[in-house]
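Written below as C-alpha cells is the structure these notes are about.
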Amino acid sequence: MPKSALIHSEHHHGSHRGLLFTAPKAGRTEQVDAIIVPTIRNPQALTHALRLAAVLGCSLVALCSGRYTSARSVVALAATAGVEVLAVDVDGLPGGLLPEFRTCAQLKGTRLERRSDISLKRNLGLLIARAAGWARIVFLDDDIVIPEPQDLGRAAALTDDFAGAGLNIHGFPDNSVVCHAYREVGGAQDVFVGGGALAVHTRSTSSFFPNIYNEDWFFLLNGDKLRPTAVTGIAVQKPYDPFDIPKRARLEEFGDVLAEGLYWLLDEGISLRDANTAYWQKYLTKRMSFIHQVTDMVKRGGEAPVQKARMLDSLNAALGRCQYIRPEWCETYIRAWRSDRRIWRQHVERLLPSRKQNYCKGDLEKVVVHLGLAMHSRYLSGERFDHHVADLRAPMPVVITERVALDGRVRPLPVAQPVVELRRSPVGQLHG
C-alpha cells in the first residue's frame, strides 16, 4: 500500500523515529567485545550468532532457559566454531546477583505480572560485560539475522556518543500484537529500535531492563527523557505469528500502554515527569479508542475469515486488559521504575565497583567465579570448562573447574570461592 494511502490514527503515534539520530551508512566501525544472546530455543538457533562472533572476533554470551536449550548444549554446538563462548543457565542464579526491584514486587501475584526472563537475562548480560571489562557489547535475539556483520561494528562505534545504537529492523515487523493488527489493515505503523539488535557501551549499566513488555524502550530512557539513541544498519527479524494465542496481546498490554504513553510525551516534547495519574487517565482513554478503531478496521477489512477471527480475538484480549488497568497503577509503576534505576546503579557499584573496572580483564573464567555462576555456566575457548560445586555440604564450598582439553585429557583446577552466595535467588524464582 502506498504510504500516502496509509491510515493515521489520532489516538496513536505509529512512529517514534523522530526521536532517533539516523547515522550515515558508511560510518566508522569499532570492535564489538561480545554478542549477548538471551535464548530459549534449540541451540541451533545460535548458529548465526556464532558465525557473527567468529567474523567479528568477539566473545559470545548465551543466556539459556527453557526446555529446549542449556548451557551444556550451546557449548557442544560451539565446540568447532573457534569462538570464545560463555553459556549460562539462568534458572536459580546465586542469591544477591541481581537486585530485588520494586517494579517486580509491585506486579508480583497480579494479572499484570510478566512471567518472562528476558529482562533478567539482559540485566545479567550487563553485569557479565562490566565484570569482563568489555566496552562495547551487542544484544542480539536468536531470531534476528544480521546480513552485514560490520553493521554491528558501526553500531558499536556509535555507543561512544549514544546510550544505544539499534539496527533498522527489516523482514518481519517487530511490534506489539495491537500494532501488528493496525499495520495489517492499513495503519501507518513503523518499527522502533529495540533489544533484539542493540549495541550499548558498558557505561550504560546505569540503566536496566525492567521486567515488563517493551523493557528495551525503558532501558533507553532516563527519568525525564530518551537518552541519546541512534539507528544504523540492517537487522532482519524472522517471521512469527503474533495472533497465535490471544493471551500474547493480553500479556503485552500493560507494558505497551506504559511505553507508548511515555513515548507519546516524548514525541510531543513533554517531560516524562508529566506522566501523572491525570495524564494516564487521558492516555488510557486514548488507548482504548485506538483498539476500538483497529477492531473496526479489521471487521471492515478483507482478511480471510480465519485470520480475521484470530486478529479480533487478540484485540478483544488487549482491550479487556486495557480496561482493567487503572491510571494510578501506571503512575505508581513509573515512580517505582525511577527508584529501581537508583537501586540498579547502587547494586552494580557494590558488586562491581567502577574503581576496579577491568579487574577480570576479559578472562571469562574469572568472571564466572566472581559472579558466582559456577553452578550454571559452561565456558569454551579452544578448551571446554565445566563448572560445578564439588561438595555443597562443606562449610566452605570448593569450586572445581574441570579443564577438558581438546585431546580429551581432564585437568582438575581448584578455583577460589565465588563472592556471591550460592543459593537460589528470589529474582530467579520470580522469573524462572
Please output the side-chain donor-acceptor pairs of residues 155-172 that fall under 3.5 Å, not counting sequence neighbours, one pair per line with the distance.
residue : atom : partner : partner atom : Å
Thr159  : OG1  : Ala156  : O            : 2.6
Asp160  : OD1  : Arg136  : NE           : 3.3
Asp160  : OD1  : Arg136  : NH2          : 2.9
Asp160  : OD2  : Arg28   : NH2          : 2.9
Asp160  : OD2  : Arg136  : NH2          : 3.3
Asn168  : OD1  : Arg17   : NH1          : 3.4
Asn168  : OD1  : Arg17   : NH2          : 2.6
Asn168  : ND2  : Gly233  : O            : 2.8

Partner residues of Thr39 under the side chain to side chain donor-acceptor pair (under 3.5 Å) criterion, sequence neighbours left out: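 Checked Thr39 against side chain to side chain donor-acceptor pair (under 3.5 Å); matches are Asp142.
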If we count only N and O atoms by modelled type, under 3.5 Å, do the side chains of [X] and [Y] hold a donor and an acceptor together?
X	Y	result
Thr69	Arg41	no
His16	Glu260	yes
Gln293	His12	no
Asp256	Ser176	yes

Worked check of salt bridge (charged side-chain N to carboxylate O under 4.0 Å, His left out) between Arg310 and Asp313: CA-CA 5 Å; Arg310 296 165 74 245; Asp313 284 346; over 6 Å; no
Residue pairs involving [range] (criterion salt bridge (Lys or Arg N to Asp or Glu O under 4.0 Å); sequence neighbours excluded):
range	result
residues 170-184	none
residues 210-219	Arg114-Glu215, Arg122-Glu215
residues 53-64	none

Phe208 and Phe101 aromatic ring geometry - parallel, tilted or perpendicular at 30°/60° bounds: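 Plane angle under 30°, so parallel.
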Centroid-centroid under 6.0 Å between Phe290 and Tyr283 rings: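 So the answer is no for these two rings.
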Aromatic centroids of Phe192 and His13 separated by under 6.0 Å: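 Not under 6.0 Å, so no.
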Residues forming a ring pair (Phe, Tyr, Trp, His ring centres under 6.0 Å) with Phe243, sequence neighbours excluded: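 With sequence neighbours excluded, Phe243 shows a ring pair (Phe, Tyr, Trp, His ring centres under 6.0 Å) to no residue whatsoever.
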